[in-house]
Novice: 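Quick one: the structure is below, and I'll ask about it shortly.
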Amino acid sequence: MILQTAFMGLFGIAAIWFAVVVFRTHSMVRSALALLFSQAALGAMFLAMQAEFLGVLQIMMMATEMAIMAIFMVMFMMDPGGLGQMEMTHQKRLSQAAGVIGAFAALGIAFLAGWGNPAATAPGPQAQLRGLGLDLMERSMLIFETAGVTILTAMVAATAVAVATRSATKRKEDRE
Amino acid sequence: MPLYVALLVGAIMFGIGLYGALSQTNLVMIMMGVEVMLGGALVNLVAFWRFLHPTVYPGQTFFLIIMTVMALDMAVGFGVGTARFRARGSVEAEEAGELKG
Amino acid sequence: MTTVLIILALLVGAYLVAVLEGWVSTGRFRPAAPVLSGVALLGRESLVPRKPDRIFFEVGPVLLLVSAVLAAAVLPLSPGLIITDLATGALFVNAALAYVMVALLMAGWGPDGAYAMVGGFRFLGQLVGYSMPIVMTIVGVAMRAESLVTTQIVESQATLPNAVYQPVGFVVFFVAAMSVCFLPPFDLPTAPGELAGGVTAEYTGWRLAVMRLARAVLVVTLAASVTVFYLGGWNGPVLPPWAWTAAKTLAVAAVMLVAGRHVPRLREEHLLAWYWKIAIPLALLNILYVGIVLIAGSSSSMSM
Amino acid sequence: MSARASATLYGARVARASWLGRLIARATARDLSAFVVPGPEIARARGLDLRAAGLHLSPTPRHANVLVVVGWLPEGLREPAAVAYTQMPRPRAVLALGAKGVSPLPGPDVFVDLDQGALDDGVAKLRRLFAEGAFDPEAESFEAAALRSKTRYACPMHPEVVQDEPSTCPQCGMDLIPREGAAGAGHGHADHGHGGQDHAHHEGMDHDEDTGEDTGGQAHGWLPHPGGAEDEHDDAEHGESGYVEGSGEGHSHEGHGREHGLAHGDAGGGFETREHGGHGGMNHENMDQGTEDHNEEGPAHEKHGDMDKGGMNHGGHESMDHGDMGFMSMVEMTQGTPRSSDGLQMEWVETPFGPLFPGLPGGLSLTFTLDGDTVAQTQAGSAVGARAWEGLNGPVESFAERLAGLDPLSPLSYRLLALRAVESAAGARVDESDALARVGALERERAASHLNWLAGFGYLIGYSWLAKRAEELQLALLRADAEEVAGIRTRVRQFTRRVERTPLLRRKLAGVGRVPDLDRAVGPVARTGGRRIDARLEEETYLPLGFEPVVLEGDDAHARLRARLAEAEQSLGFVEEAGGVSTPGAAPEIDGASGRGAATVETPRGAANLALTLEDGDVTITELETPSARHLGLVEGVTEQRELADALVGVASLDLSPWEVVR
C-alpha cells in the first residue's frame with residue numbers, strides 16, 4: 001500500500017512537472033513532448049494503480065497522439081525552433097485565477113466528500129481484461145459503438161474540412 | 001490514502017490544464033491545455049475505479065470513452081485548425097474574431 | 001536471472017544482426033566487424049552540434065534503446081524465460097514500440113540540422129502508416145489465443161503457426177515490423193542517399209555506437225515479435241525451445257535485411273497510401289476471417 | 001608535407017596512449033570508413049574500387065574517419081572539403097589520391113597514386129598510421145584560416161550596423177550583440193554566386209571532449225559552401241533585410257533550448273530561417289521584444305513604435321501596427337509569403353544539398369528551400385566547374401589533354417571533341433580505322449558513364465543491389481580489354497532484365513523528374529521525352545553500324561533509367577563491332593595550320609559543341625556548349641513543388657556533371 005502510494009506520488013509529480021513544462025517552455029516540440037511525457041507518467045500511475053490495460057493503453061495512445069500534435073505545432077507555428085521569446089499568452093491573470101480556482105474546487109470536492117473505505121485489492125490484470133471485455137461487449141456495447149462511430153464521423157468530417165477542395169483553392173486564388 | 005494522492009494529482013492537472021487552455025493564444029496550445037485537463041479527469045476516473053469499485057467495469061469503459069474523446073478533440077481541432085490556417089494563415093485565437101457568434 | 005539471460009540473448013542477437021547486416025551489404029562475412037567498429041566508435045570523439053536541443057539530442061538514442069529493450073521484455077525466449085509476462089503483453093509491445101518514433105523524433109529534432117529534422121518527421125509520417133496495421137494484425141493473433149499474454153499466444157500456435165493460420169495478417173505484420181525498425185526499403189528517416197544519414201547524421205562517437213546498437217536491438221526485437229506472434233515462438237521438434245525461438249528470430253531478421261536490398265526505397269506518399277488503402281483493409285479482413293474461422297471451429301465442435 | 005618523418009597522424013585524438021588506447025587504435029585501424037571528395041562517382045570513373053580496398057563508404061563525414069580526396073581538387077571544393085574534415089570526429093586522416101595540393105586541408109596523411117594497387121598500399125599505410133598514432137597527447141588542432149569564425153557585433157535594430165568591437169549602435173544607442181561570422185568574409189556570396197546561401201545545416205560541432213580545439217573553427221557546414229557567414233544576404237530577392245539577431249540578451253539560457261528560429265538571423269544557427277515577403281524585420285522585432293515586458297511595463301510600447309519604423313523601412317508593410325496588441329500576428333506573418341502548393345504554409349528552411357552530398361554528383365551545389373518536405377525554391381550551381389572556358393586556351397598540342405581534364409566523368413568524350421574540332425580547323429582527315437577506334441572508345445565511355453550514373457542513382461534511391469551491381473559492371477568494363485567486352489555486354493543485358501523486373505521501381509520513379517521545358521534538353525533526357533535527337537545520327541562512322549538512338553516516351557526518371565540501360569547495352573555492341581577500345585591518341589600532325597573549326601560529340605550526357613579558332617598552333621575557344629550547362633537550367637523545373645526525395649531523384653536522373661559547367 002505504501003509502495004503503491006509512493007509510486008503513485010512519484011509518477012504524479014512527474015506528470016505535474018511535465019504538464020507545467022508544457023506551458024513554460026518556448027519550444028513547440030518540447031511542449032508537445034512534455035505533454036507526451038506528462039501523459040505517459042499518468043499511464044505509469046495507472047499501472048501503479050493496478051490498471052494494467054488502461055495504463056499500457058494510455059502510454060501507447062499518447063505517444064502517437066502527441067507526436068501528431070508536435071507536427072501540427074510546427075506546421076501552424078511556422079517555426080521549428082520555437083518562437084524563442086515570443087509572448088503567446090493572453091488574459092494571464094484570469095487564467096491563473098481560473099486554474100487555481102478550478103484546482104481548488106476539484107480538491108475541495110476530493111477531500112471533503114466522503115469516499116467510503118477504499119478497496120484494498122483489485123482483480124488481477126487477466127480478470128480485469130476479461131471483465132472489461134465482457135462489459136464492452138454486453139452492457140456498454142451501445143455506448144462504445146456509438147463512441148466508435150462518432151470518432152469515425154469526426155475523423156471523416158475533420159479530414160473533409162481540412163482538405164482544401166480544388167474549387168475552394170481556386171476561389172481563393174481568384175480572390176487574391 | 002492513495003486515493004487522495006490520485007485525486008490531488010488529478011486536481012492539479014486539471015488546474016494546470018485550465019490555466020493553459022485559457023491563457024494560450026495558439027489553437028494547438030489550447031488543445032494541449034484541454035488534453036492536460038482530460039488527463040486529470042482520467043486520473044480521477046482510474047482512482048475511483050481502483051479504490052472505490054474495483055469490480056465494476058463500466059468505470060474502465062468510461063475511461064476508454066474519455067480517451068476516445070481526447071482523440072476526437074485532436075481530430076476535430078486539427079481539422080478546424082488546418083482549415084483556418086489555410087484560409088487565414090493563422091491559428092491564433094486572438095485572430096479568430098469572426099468566429100464570434 | 002531471467003532478465004540477465006534475456007538481455008544477454010538480445011545483445012547476442014544484436015551482434016549477429018550486425019554481422020548479418022555487414023555480410024549482406026558488403027558481401028563479406030566478417031564476424032569480428034561489429035566489435036571492431038563498436039570499439040572504434042568508442043575511441044572516436046563524440047561531437048555535439050553547435051546549437052542542439054541538448055536534452056533531446058542526448059535522450060534520443062537512449063530512448064530508442066530503452067524502448068527496444070522494453071518491447072523485448074514481454075517476448076518469451078522459451079517457456080518461463082521471459083522478463084515479465086504481462087497480461088497485456090501483446091499491447092505492451094506496441095506501447096513500447098510507439099516510443100521508437102518518439103526517440104527518432106527527438107534524435108531528429110535535437111541536433112538542429114535540417115537533414116535530421118526531415119528524417120525525424122518522415123518517421124512520424126511512417127508511423128501514421130504502420131501503427132494501425134500493426135495493432136490490427138495483433139488483434140487477429142490475440143483473438144486466436146483468446147489472450148494478450150505472449151506466452152499464451154505462443155501456446156495457441158502449438159499445432160499450427162499463425163503464419164499459416166492467418167497468412168494475410170502475417171504479411172501485413174511483417175511489412176509493418178520492417179517499417180518500425182526502419183530497415184530498407186522503409187529507411188526513410190535514415191536514408192543515406194537522400195538525407196546523408198537523416199536522424200543519425202549528426203551523431204558521432206559513442207552516441208552513434210548507442211544509436212547503432214539500439215537499431216540492431218530493435219531489429220532483433222521486431223524479428224522476435226514476428227516469431228512470437230506468427231511463427232509459433234519456441235514450438236518445434238527436436239531442438240530445445242530457446243533454440244527454436246533464436247533460430248526463427250535470426251531467420252526473420254535475415255529475411256528482413258536481405259529483402260530491403262532488392263527493392264528501392266518507398267516514397268512517403270506511397271507508403272502512406274498503401275498502408276491506409278491496402279494494409280488496413282487487409283488487417284480488418286484478417287480480423288473478420290479469424291473471427292469466422294474461430295466461430296466455425298467452435299460450432300463444429302471440433303476440439304481445436 | 002606528405003613526407004612526415006614519424007608515423008604520427010595529423011588528425012589524432014588528444015589522449016594519452018594507454019593500453020586501452022592502443023587496443024582502440026588497433027580496432028580503429030581495421031574499421032576505416034571513408035568520406036569521398038569530390039564523390040564516389042569520381043573514384044569509380046577513375047576505375048578505383050574503394051570498397052575492395054577495404055574502405056567503408058560513409059554518407060556523412062560525421063561517420064567517417066578517413067577523408068579520401070580523389071585526384072585534383074578544384075578550388076570550389078577545397079573549403080567544403082576542409083569543412084568536411086573538421087566535421088569528422090578524431091582520430092581522422094586524409095588519404096590523397098593522385099594530387100597533393102589541397103590548401104585549406106592539412107597535408108595528406110597518406111598520399112598515393114591514382115590506381116587500385118597504390119590505393120591498396122595507401123589503405124595499408126593508413127591502417128598502420130591509425131594503429132600507431134590514433135591517440136596522441138600532443139596532437140595539433142586543425143584550424144583553417146578560412147574557417148575560423150569571428151565574433152562580430154551587430155545592432156539588433158539596425159542590421160547594417162556591424163562592428164568588430166563591442167560598443168553601442170550609432171543610430172539608436174543600443175548595445176551591440178555578438179554574433180559569429182567567418183573571418184574569410186572576402187569569400188562573400190557574390191563570389192560563389194549563391195545568393196542567400198549559407199551554411200544552414202551541419203553547423204560546426206563543439207568538440208565537447210578532451211580537445212583544446214577552438215570550437216569556433218568548426219563553425220561551418222560541410223555540405224554548404226563555407227562562404228561568408230554574414231546574414232545580410234539576398235536582400236533584393238527576398239526582401240529580408242530586416243534580419244535581426246534574435247538570440248539577443250534573454251536568449252541564452254540553455255533550458256529553453258532552441259536558440260534560433262524566426263527571431264533569429266544568426267548565420268551560426270542551424271536552420272537558415274528566412275523571411276519571405278516584404279515584411280521581415282518587423283515581426284522579428286516584435287517577437288524579440290514582446291517577451292517579458294509586454295504585459296507589465298509601458299515602455300515596451302515605445303520600443304515597438306521604434307521597431308515598427310525599422311521594419312517598415314525594410315518591408316513597407318504599412319498596416320502593421322500591432323505594437324499594442326501584445327502578440328505576434330500570425331496572419332500578418334503569413335500574409336505576404338508565397339503560398340505552398342497545398343495551401344499550407346510552413347516555415348521555409350534553406351538547406352544545402354551539395355557540393356558534397358552523398359546522393360548527388362560531387363561538386364553539384366544544390367540548395368533547396370524546404371517547405372516542410374516540399375521543395376519550394378531551388379538554386380543549382382556548380383562548385384567545381386571551370387571559371388571560364390578561356391582557361392582552356394593555349395597550344396594545340398596539349399589542347400586535347402586540357403579539354404579531357406575538364407570533366408573527369410567523361411574525359412574521352414571531351415578529348416574526342418577537342419580532336420575533332422582541331423581537325424576541322426586544320427582541315428585534317430581521319431582515316432576510317434581510326435574513326436572506328438574512336439567510336440569504340442567513345443561508346444565504351446558512354447556505357448561506363450551510364451553504369452556509373454546507375455551506381456550513384458541506385459544509392460540515392462536506396463536500391464543497394466542495383467548500386468552494387470552497376471558499380472561492379474562499370475569497374476569491370478573500365479578494366480576490360482576488347483575480348484571481355486562481349487561478356488560484359490551479356491551481363492549488362494541480364495542486369496537490365498533484372499532491373500526491369502524489380503518490384504516497385506516503376507512505381508517509385510514513374511512521373512518523377514518530368515522536365516517542363518524539354519526543348520532545352522539534349523542527350524538521353526531529350527530522347528526519353530520521345531525526341532529523336534542524337535549527334536551520332538549525323539556521323540558517317542555510325543552509318544554502317546546501323547545506329548538508331550534509344551528513344552523512349554515517358555520523360556521521367558524511370559524512362560531515363562531504362563534508356564541509359566538500353567544505351568549502355570547498345571554502346572557495348574558498338575564497342576564489339578569497332579573491335580577496339582584504344583583511347584584516341586594525341587592531336588594529329590598539324591603544322592601551324594590556322595582556321596576555324598567546330599565539332600559536336602554526343603557525350604554520355606548529350607551533345608557537346610565546340611567551336612574554336614586555331615592560330616599558329618594556339619587554340620582559342622569561341623564557343624563550348626556542354627549538355628550539363630543546358631540541363632542545369634532544368635533543375636528548377638524538375639524540383640520545385642516536389643517532395644524532397646522526388647526532387648533529388650529528378651535531379652539525379654538528369655545525370656548532371658558539374659564539371660562541365662562554367663561557374
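Only this structure's heavy atoms are used, side chains among them; waters, hydrogens and symmetry mates stay out. What you see is a predicted model, and the numbers here were worked out from it, not measured in a lab.
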Novice: For chain B, find which of A:Ile2, A:Leu35, A:Val22 contributes the most heavy-atom pairs closer than 4.5 angstrom.
Specialist: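 Option with the top pair count is A:Leu35.
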
Novice: Tell me the closest heavy-atom pair linking B:Gly15 and A:Ala103, and the distance in Å.
Specialist: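 Minimum heavy-atom contact is CA-CB, 3.9 Å.
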
Novice: Taking all atoms of both residues into account, what is the closest heavy-atom pair of B:Trp49 and A:Met49, and its distance?
Specialist: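 Scanning both residues completely, I find the closest heavy atoms to be CZ3-O, 4.2 Å.
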
Novice: How close do B:Met13 and A:Leu42 get, heavy atom to heavy atom, and via which atoms?
Specialist: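 Shortest heavy-atom contact: CE-CD1, 3.7 Å.
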
Novice: Roughly how far, to the nearest 0.5 Å, is the CE atom of B:Met29 from the CZ atom of A:Phe23?
Specialist: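 Going from the CZ atom of A:Phe23 to the CE atom of B:Met29 covers 5.5 Å.
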
Novice: Identify which part of B:Phe63 has an atom lying under 4.5 Å from any heavy atom of chain A, answering side chain, backbone, both or neither.
Specialist: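 Side chain of B:Phe63 only, per the 4.5 Å heavy-atom cut-off to chain A.
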
Novice: Could you check which of A:Met62, A:Gln4, A:Gln128 has the highest count of heavy-atom pairs closer than 4.5 Å to chain B?
Specialist: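 Greatest number of close heavy-atom pairs with chain B: A:Gln128.
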
Novice: What part of B:Met32 gets closer than 4.5 Å to chain A, counting heavy atoms only: side chain, backbone, both or neither?
Specialist: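 Contact with chain A: backbone and side chain both.
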
Novice: Relative to chain A, which segment of B:Leu38 carries a heavy atom at a distance below 4.5 Å: side chain, backbone, both, or neither?
Specialist: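 Neither part; nothing is under 4.5 Å.
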
Novice: Exactly one of B:Thr68, B:Ile65, B:Leu72, B:Val69 should register a side-chain contact (heavy atoms from CB on, under 4.5 Å) with A:Thr150. Which one does?
Specialist: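 Of the listed residues B:Thr68, B:Ile65, B:Leu72, B:Val69, the side-chain contact (heavy atoms from CB on, under 4.5 Å) partner of A:Thr150 is B:Leu72.
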
Novice: Looking only at non-hydrogen atoms, find the nearest pair between A:Ile16 and B:Val9 and report the distance.
Specialist: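 Result for this residue pair: CD1-CA, 4.2 Å.
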
Novice: Taking all heavy atoms of A:Phe144 and all of B:Leu64, pick out the closest pair and write down the distance.
Specialist: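 Closest heavy-atom pair between A:Phe144 and B:Leu64: CE1-CB, 3.7 Å.
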
Novice: Looking at A:Met155, A:Glu65, A:Met8, A:Gln96, which makes the most heavy-atom pairs under 4.5 Å with chain B?
Specialist: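 Max contact count across the listed options: A:Glu65.
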
Novice: Under the side chain to side chain donor-acceptor pair (under 3.5 Å) test, which residues partner A:Gln58, sequence neighbours left out?
Specialist: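 Testing A:Gln58 for side chain to side chain donor-acceptor pair (under 3.5 Å), a comparison that skips the adjacent residues, returns A:Gln39.
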
Novice: Given that the side chain runs from C-beta out, which part of B:Phe62 has a heavy atom under 4.5 Å from chain A: side chain, backbone, both or neither?
Specialist: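 For B:Phe62, there is no contact with chain A at all, as no heavy atom is under 4.5 Å.
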
